[in-house]
Trainee: 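Submitted below is the structure of interest, expressed as structure tokens.
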Protein chains: 2
Amino acid sequence: MAQPSRRALVINDIRRRITSRALVAGDRLPSVRGCAARLGVSPSTVADAYDVLAAEGVIQARRGAGFYVAAKPQPFAVSDTGPQLEREVDPLWVARQSLDSGTDAPKPGCGWLPEDWMPVASLRRAIRALAAAPDAVLTDYGSAKGGAGLRRHISRQLFDQGLACPPDRVLLTGSGSQALDLVCRMLLRPGDTVLVDDPCYFNFQALLRAHQIRIIGVPYTSEGPDLDRFEAVLGEQHPRLYLTNSALHNPTGATISAPVAHRVLSLAAQHDLIVVEDDIFAGFEPELSPRLATLDGLERVVRTGSFSKTLSASLRCGYIAARGDWIEALTDLQVAVNFSGPSPMVADLLHAVLTDGGYRKHLEALRNRLSRCRAEAQARLADLGIRPWVQPRGGFYLWCELPGGADAAVLARAALQEGLVLAPGNVFSVSQSMAPFMRFNVSQMQDSACCRILAELLEAGAGMAAGSQDAV
Amino acid sequence: MAQPSRRALVINDIRRRITSRALVAGDRLPSVRGCAARLGVSPSTVADAYDVLAAEGVIQARRGAGFYVAAKPQPFAVSDTGPQLEREVDPLWVARQSLDSGTDAPKPGCGWLPEDWMPVASLRRAIRALAAAPDAVLTDYGSAKGGAGLRRHISRQLFDQGLACPPDRVLLTGSGSQALDLVCRMLLRPGDTVLVDDPCYFNFQALLRAHQIRIIGVPYTSEGPDLDRFEAVLGEQHPRLYLTNSALHNPTGATISAPVAHRVLSLAAQHDLIVVEDDIFAGFEPELSPRLATLDGLERVVRTGSFSKTLSASLRCGYIAARGDWIEALTDLQVAVNFSGPSPMVADLLHAVLTDGGYRKHLEALRNRLSRCRAEAQARLADLGIRPWVQPRGGFYLWCELPGGADAAVLARAALQEGLVLAPGNVFSVSQSMAPFMRFNVSQMQDSACCRILAELLEAGAGMAAGSQDAV
């Protein structure tokens, strides 16, 4: 392969000749030797450059007859779709705005940390080491359950939390969401009833709708689900499963207490309810709180998680820890719908960063930084009359009530026009009773523009026309 | 971060002391300074080493009180499950044996090329470059549709094949299988009827079963589906969609002819049938054959594909090209079940290798090598009386009939006991009428053990007790 700089010289020369119409569609390119002589580079450099241009579709190779400028113009440019103002403010609204609004937009509504909070130095080291990994890691499907090293590490982490789950009862999946999706596929049929917290992570609703599930919400208190309502719903509606985050609950930041956890499991046993515990925010806890999976010992609780929040969301990988027979069924299901587990490369990188000696310190630094950040954001929000519903023990969310009965969805729609992505309360609420609430990600509020725009919008009365999203 | 070799010195020292019981569970480790002085390394090296051991669970940090040998023993070792002889020889059987039988087993039944056939040098270059990519590529979720660079490249490839599909009508997915899974989720409901080729890729059946779909097979000829049967089934069963590979059909290696393709589309229009064309083997074609998607212009045809077969299966990523409104619905669905598209890192690596000037040459080299390989495998199989049903134009499959009415499933079960993974005919057949057929992957048959084991098994009469899988 030629030196990149010399190859770039040739590529740019040909591009310029096409742009300036010195070469037009269908023209034969200069011969490799001729071009090499003219630009003072080796023929192999020119051949490489022509291959790159051919791979890009700028020129075409005709067998035995040299290279030609591509006959047709390049058909399309990627249109940057930008914020989609016209869609309904529903669970998918927040996800699509968060993902697609560009990296410059302040996103207090999104569900992740800024990129420079992640362990990038460790990740870059792992990537450099990966360049020398065996061919199989770089090219093969890997095993049906996913990389053994990472499964072993997860098993050990669970063990340290008091949960005995051998590596062969850990299934790696394409993401934390896919872990939940596989569990739903195994356990649910269209028309089944599932219980969620009200409010709950908005994408739980989108996921369950994709499965054509009847969704019932139970009010969430600062110590877990409202037990009276929980018991009543179990008796009346016979839900098949209960889907929740127990530690650092999304969106409220609350944590289930040990007595509530015990009672939830007793009721679950009594009504033959399966519990799916999504433990995606575990790394942010200052100390371990009660876990349904740990109390239950993975009898009727399925535990899922990922490393997207504390390590990297670009390394798409989640996991399921569950009963052995369920893991076998889930593995078959994953083969049917995805052929194999997550990328062996991705599992390898995750394992390298997790077992890098610096990861424990990274988590500690994250927790400390978040504490400071939370205090700052809370003070700035308090100036606007916005107060948290509960004081979270950790994590990056503050679940807040807006002042004066403002409608968070109307405010979010107005904010989007100012380039600010917010997460209004009702996208988290099955009962649609959370109109005055907003979920703030404190790590994404360090840009002063963020609170300034919020203040201006509130001052201008945005969100005050409660109930009418069209009023803005 | 300390030098790896010095850190390893400390790690190995502590491990040895634990193994030899000089340190036991609950013991406090030597202080960082003390250990550093004893081993002649810096205190920061010891601190790093202790962090690695803590991340591995061998020791535990107690805040402000130093490090202790972990109180509990390490609970589990990964058990190598090995070949699962007891399961039924069904579509999932081949997948799980192929994925989990270890890298040393000869796998003429598997669906991929040997690792050293892949463009590993180019991939390693791309990985080294990735180590210097912006933080966002390494840590963010990426956009809901997946990396713009790769979508643009796919759009251009399709354009070169005569299919106008702008980049915003290309959705990247977590794999080629996931592309099909998303399409099924959007278009099908449990109980719907779907038409497949008989034989067809075995995982089509596993996927459709996961969706609780009624599967109807139409006999596949050397020029595409049997048109009389195709028309009759459309009239009688009203299938919602037809799922097929048109170029280098799996498992037969046949290619649809232009008149059959035209007739299939006419019948589809007449009966309002949607066609899903999985084009995963496109890179192996010596020259472009007719495509349903191209003839139809993505009106009622959905095109899916991936880079697993010619670039890397470890870079899990597939794509869907379809009507604009369908792509929007599929993007929402992908957000609901997977939150985002494939890993931005993975999309970045794929794009780098695809636009590396060497990729076109790599494909040409693959095709030439496969031609030679196919001729050799064919000759060796002919010596055993095993002959191909059709002469494929490319790719790595040979669909063959076994001599003397042998039952391929019985033979495959016996072969697995000898460490040989085979793909027997009936796993590909909805009608279960392919018992004497076997799909061979010619690229995986260069190990002489492969044909020797086959010869011995055939000689010993394995597979001759047709109809009884328990006879072995």
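In this text the structure is predicted, and so the values were computed from the model without any measurement. Lettering of chains follows the sequences in order, A, B, ..., and the numbering in each one begins at 1.
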Trainee: Does any heavy atom of chain A fall under 4.5 Å from the side chain of B/Pro134, the backbone, both, or neither of them?
Mentor: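 The answer is the backbone of B/Pro134.
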Trainee: Can you say whether B/Pro344 sits under 4.5 Å from chain A via the side chain, the backbone, both, or neither, judging by heavy atoms?
Mentor: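 For B/Pro344, the contact with chain A is made by backbone and side chain together.
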Trainee: For B/His362 and B/Val353, what are the C-alpha separation, side-chain angles and deciding distance, and is it a side-chain contact (heavy atoms from CB on, under 4.5 Å)?
Mentor: CA-CA 10 Å; B/His362 159 70; B/Val353 177; over 6 Å; no
Trainee: So for A/Leu207, is it side chain, backbone, both, or neither that comes closer than 4.5 Å to the heavy atoms of chain B?
Mentor: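 Both backbone and side chain.
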Trainee: Which atoms of B/Thr331 come close to chain A, meaning under 4.5 Å heavy atom to heavy atom: side chain ones, backbone ones, both, or neither?
Mentor: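 It is both, since atoms from each part get that close.
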Trainee: Tell me, for B/Leu333 versus chain A, whether the close heavy atoms (under 4.5 Å) come from the side chain, the backbone, both or neither.
Mentor: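 For B/Leu333, the side chain is the part near chain A, not the backbone.
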Trainee: I need the residue from B/Ala133, B/Gly111, B/Ala144 with the largest number of non-hydrogen atom pairs under 4.5 Å to chain A.
Mentor: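 Winner by heavy-atom pair count: B/Ala144.
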Trainee: Could you give me the CA-CA distance, side-chain angles and deciding distance for B/Leu182 and B/Asn338, then say whether side-chain contact (heavy atoms from CB on, under 4.5 Å) is met?
Mentor: CA-CA 10 Å; B/Leu182 278 178; B/Asn338 196 29; over 6 Å; no
Trainee: Based on non-hydrogen pairs under 4.5 Å, which of B/Ala313, B/Ser314, B/Ala126 is most in contact with chain A?
Mentor: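 Most heavy-atom pairs within the cutoff with chain A belong to B/Ser314.
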Trainee: Go through the atoms of B/Gln212 and report whether side chain, backbone, both or neither lie under 4.5 Å from a heavy atom of chain A.
Mentor: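 Just its side chain gets close to chain A.
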Trainee: If I take atom CZ from residue A/Arg125 and atom CG from residue A/Asp356, how far apart are they, to the nearest 0.5 angstrom?
Mentor: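 The distance works out to 4.5 Å.
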Trainee: Most heavy-atom pairs under 4.5 angstrom with chain A, which of B/Ser312, B/Ser308, B/Ala95?
Mentor: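 Of the options given, most contacts go to B/Ser312.
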Trainee: Distance check, rounded to the nearest 0.5 Å: B/Asp332 atom CG versus B/Gln334 atom CD?
Mentor: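 The distance works out to 10.5 Å.
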Trainee: Thinking salt bridges, do A/Asp135 and B/Arg124 make one under a 4.0 Å N-O criterion?
Mentor: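 B/Arg124 and A/Asp135: salt-bridged.
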Trainee: Test B/Arg185 against B/Asp181 for salt bridge (Lys or Arg N to Asp or Glu O under 4.0 Å), laying out the working first.
Mentor: CA-CA 6 Å; B/Arg185 288 178 106 132; B/Asp181 185 44; 3.7 Å; yes
Trainee: Looking only at heavy atoms and a cut-off of under 4.5 Å, which of B/Pro114, B/Ala121, B/Ala55, B/Gly341 has the most pairs with chain A?
Mentor: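 The candidate making the most pairs under 4.5 Å is B/Ala55.
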Trainee: Hey, mind stepping through B/Met345 and B/Leu130 against side-chain contact (heavy atoms from CB on, under 4.5 Å) and telling me if it holds?
Mentor: CA-CA 8 Å; B/Met345 255 192 244; B/Leu130 179 71; 3.8 Å; yes
Trainee: Top residue by heavy-atom pair count (under 4.5 Å) with chain A, among B/Val120, B/Asp348, B/Asn203?
Mentor: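 The candidate making the most pairs under 4.5 Å is B/Asn203.
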Trainee: What's the spacing between A/Leu163 CG and A/Ile154 CD1 if we round to 0.5 Å?
Mentor: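 Result: 12.0 Å between the selected atoms.
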Trainee: Using a cut-off of under 4.5 Å on heavy-atom pairs, state which of A/Asp116, A/Leu113, A/Val52 scores highest against chain B.
Mentor: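 If we count pairs closer than 4.5 Å to chain B, A/Val52 comes out on top.
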Trainee: Go through the atoms of B/Tyr141 and report whether side chain, backbone, both or neither lie under 4.5 Å from a heavy atom of chain A.
Mentor: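 Both the backbone and the side chain of B/Tyr141 come within 4.5 Å of chain A.
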Trainee: Looking only at heavy atoms and a cut-off of under 4.5 Å, which of B/Ser98, B/Ser122, B/Ser175, B/Ala206 has the most pairs with chain A?
Mentor: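 Top count of heavy-atom pairs under 4.5 Å with chain A: B/Ser175.
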Trainee: With heavy-atom distances below 4.5 Å as the criterion, would you say the side chains of B/Asp48 and B/Val10 are in contact?
Mentor: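 No; the side chains remain at least 4.5 Å from each other.
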Trainee: Counting only heavy atoms closer than 4.5 Å, note whether B/Leu354 contacts chain A via side chain, backbone, both or neither.
Mentor: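 Backbone only.
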Trainee: So for B/Ala61, is it side chain, backbone, both, or neither that comes closer than 4.5 Å to the heavy atoms of chain A?
Mentor: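 For B/Ala61, side-chain heavy atoms alone lie under 4.5 Å from chain A.
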Trainee: Go through the structure and list residues passing ring-ring contact (aromatic ring centres under 6.0 Å, His included) with A/Trp117, not counting sequence neighbours.
Mentor: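 Testing A/Trp117 for ring-ring contact (aromatic ring centres under 6.0 Å, His included), a comparison that skips the adjacent residues, returns none.
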Trainee: Using non-hydrogen atoms only, which part of B/Leu349 is less than 4.5 Å away from chain A: side chain, backbone, both, or neither?
Mentor: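 For B/Leu349, side-chain heavy atoms alone lie under 4.5 Å from chain A.
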Trainee: Among residues at least two apart in sequence or on other chains, which ones pass side chain to side chain donor-acceptor pair (under 3.5 Å) with A/Arg209?
Mentor: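 With neighbours one apart ignored, the set is A/Gln205.
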Trainee: Supply the atom-to-atom distance A/Arg360 CZ to B/Asp51 CG, rounded to the nearest 0.5 angstrom.
Mentor: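 Spacing of CZ (A/Arg360) from CG (B/Asp51) equals 4.5 Å.
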Trainee: I need the residue from A/Trp112, A/Phe202, A/Phe204 with the largest number of non-hydrogen atom pairs under 4.5 Å to chain B.
Mentor: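 Between A/Trp112, A/Phe202, A/Phe204, the count favours A/Trp112.
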Trainee: B/Val137 versus chain A, heavy atoms under 4.5 Å apart: side chain, backbone, both or neither?
Mentor: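 Just its backbone gets close to chain A.
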